[in-house]
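Proteins come first, then strands; the chains are lettered A, B, ... in the order of their sequence lines, and each starts at number 1. Just the heavy atoms: all of them, side chains too, but no hydrogens, waters or symmetry mates, feed the values below. Remember, it's a predicted structure, so these values are computed and weren't measured experimentally.
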Amino acid sequence: MDDRSPEASSIECRNLWKIFGQRASEVLAAARGGKVSKDEALKEFGCVIGVADASFSVRKGEIFCIMGLSGSGKSTILRHVNRLIEPTAGSVHVDGQDVMSLSRKELRALRARKIGMVFQHMALWPHKTIAGNVAFGLEVQGAEKKECREAAEEALEKVGLRGWGHRYPDELSGGMQQRVGLARALAADPDILLMDEPFSALDPLIRRDLQDEFLALSRKAHKTTLFITHDLDEAMRVGHRIAVMKDGRIDQIGSPEAIVLRPETDYVARFVGSISTLKYLSASEIASAGNVDADAPGIGPDATLPVLIRQLANGADHLAVKDGDRLIGRIGQPEILAAVGRDLERR
Amino acid sequence: MDQFLNPFDHFNVPFGVWAERALEWIVGHSRSTLLAAKVPVQSFLEFVQGSLEAIPPLVGIIAMAVIGYILEGWRLALTGLVCLTLIGLMGTWQYAMTTLSIVIAAVTICVVFGLPIGILAARSDRFFRVLRPVLDLMQTIPSFVYLVPVVMLFGIGDTPGVIVTCFFAISPLIRLTNLGIREVREDLVEAARAFGASEARTLFGTQLPLARPSILAGLNQTVLLSLSMAVVASMISVAGLGRIVLEGIGRLDFGSATVGGLGIVLTAITVDRYVQALGAARSRTRMGA
């Protein structure tokens, strides 16, 4: 599952460190030797540890969420991918290419053509029209006016803002502005999207709409996405995999199910504590060993709780959970109740 | 005992002598450089003055009224019309044009130097740390104190008048350019970089346009300071409205001093209104949320 070679992944960060401050190299040496906490680094060296030894890879077409509270270093990691921030140590590869080895010109081309970025507070330029904002990346790469205009129109159409190109950002609502932000990131048809808490400044309802639209777009366009959020629900909805960060370190990387059902550290456990596991439980995790009637309806190991309940509601006494021909166990009302009970106790 | 209680009667630092020697040394060693520096200023001033004086008063007044109408509307057009007509009626048209050309020359030079210095200050904290006390000093020194070194270095007349006006008036432009660029929202600048803009592109395409309201406010202050200095500089034999006042005071000629003073006020009102309208007109073409 976790492929470590840079070629197979779209974004690859290896042992990334970012320490802000004059004495970064000293902190780095100390931190590599033994553990230096965030407070110690600040007190003894006057340095802030932004990112500590972070490694992860994002596969092509995957939506990879980095989740953490503010100050956990998630936005700092994001900015290493297009080298808005230079790492103190470690490497960042984008499509197998070391971004630290790029010349200024190559880096600008990478930013304009290959990576689209969406910002927390939209960051639309107020002195440019919507179309001017959207086509900016192409424009700085010297694209023809016609190409810019067409790309802007196409991108605006994708986010449902066709015909708004001649307006200015302050004529749009927050939700519409962030659609423009998304269109701007999509305009050059980049392979990679970097999204820095893109929906967190929006109202809950609009946030949900935009999440859905983004997911729909993403399924179609299949873009590799690094998605930063502090909102666990959002991470669960959006991410194929989630990395949980604390104090610059990545505590755990895994699928939403894995994060909720099998937290590896106390911090992650606390973080996901408020989330109901019921949505993520699969048949194989609910099933118990026991007698299975020969005529019990069969069900796959990945079936979710609502599916199981629906099946049982059809009148069967219990279900036989099977992985192919292999029998895993049975699920009847006692098993369902036990799963619900465990979830309630957990919280 | 007296020595202790009144030490300054007995001990003095001969600061005046030192300053004189230092100035003599500078003048002695760089006379040719200073004179060479004067040449472009002088020819630019002569060009501006020649252009302004070539305009017949009636044409000038009508043109200003039209510009005022375009920039803002009837009110500004009327202000320009009334002020300039009064200046003409008082017989101070030529003098006002002279003062105005000194102001225009000085402001142009301020922009040529002040804008790049302000940009540099915004981009380099170290440079700004060095620059800030210099700017503070320049704004603290009373206007006519500038006259002394400028006379020593550049002599008297209109050209040194432009130079001294520049020194006096440039700091707000530098300050507000620096401030304006620094206050541009960080993420707007970052977004420009994130979409592949070069440093130059980020500066000219994002930072400067967004800093424009602040820069224009600085420009407005620079223009008004220039006008006040162009008047004070009459003490070093600069022609124009200031000289009418100075001569009037010298001869206790209350009438001509009043005429000169009124001319200055009318010119100042006109210049201020028009520069402000210029800034507002620019910002109406969408300057930011």
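Taking the six-membered ring where tryptophan is involved, the planes of B:Phe195 and A:Trp125 are perpendicular, since the angle between them exceeds 60° and thus also 30°.
Other residues, nucleotides and ligands contribute at most 12 non-hydrogen atoms within 6.0 Å of the CD atom of A:Glu154. More than 12 heavy-atom neighbours from other residues, nucleotides or ligands sit within 6.0 angstrom of CZ on B:Phe127. The number of heavy atoms from other shown groups lying within 6.0 Å of CZ (B:Phe128) is above 12. Remark: B:Arg123 CZ is packed, more than 12 non-hydrogen atoms of other residues, nucleotides or ligands lying under 6.0 Å away. Heavy atoms from other residues, nucleotides or ligands lying under 6.0 Å from OH of B:Tyr69 number 12 at most.
Nearest heavy-atom pair across B:Ala191 and A:Ala123 is CB-O, 3.9 Å. Considering all non-hydrogen atoms of both residues, A:Asn82 and B:Ala194 come closest at ND2-CB, 3.9 Å. The two atoms that bring B:Arg185 and A:His121 nearest to each other are NH2-O, 3.1 Å, heavy atoms only. Heavy atoms only, all atoms of each residue included: B:Leu188 and A:Leu124 are closest at CD2-O, 3.2 Å.
Considering only heavy atoms from C-beta on, B:Arg201 comes within 4.5 Å of A:Glu139 through its side chain. B:Leu210 is listed as a side-chain neighbour of A:Pro126, based on a closest heavy-atom distance under 4.5 Å. No side-chain heavy atom of A:His127 sits under 4.5 Å from any side-chain heavy atom of B:Arg212. Here the side chains of A:Gln120 and B:Asp187 are not in contact, with every heavy-atom distance at 4.5 Å or above.
By a heavy-atom distance cut of under 4.5 Å, A:Arg184, A:Ala185 are the residues of residues 179-190 of chain A near chain B, going up by number.
From A:Arg104, atom CZ reaches atom OG of B:Ser198 across 9.5 Å, with rounding to the nearest 0.5 Å.
Ionic pairing of B:Glu199 and A:Arg108 is not present here: no N-O contact between side-chain nitrogen and carboxylate oxygen is shorter than 4.0 angstrom.
For B:Glu190, the parts lying near chain A are the backbone and the side chain together; criterion is any non-hydrogen pair under 4.5 Å.
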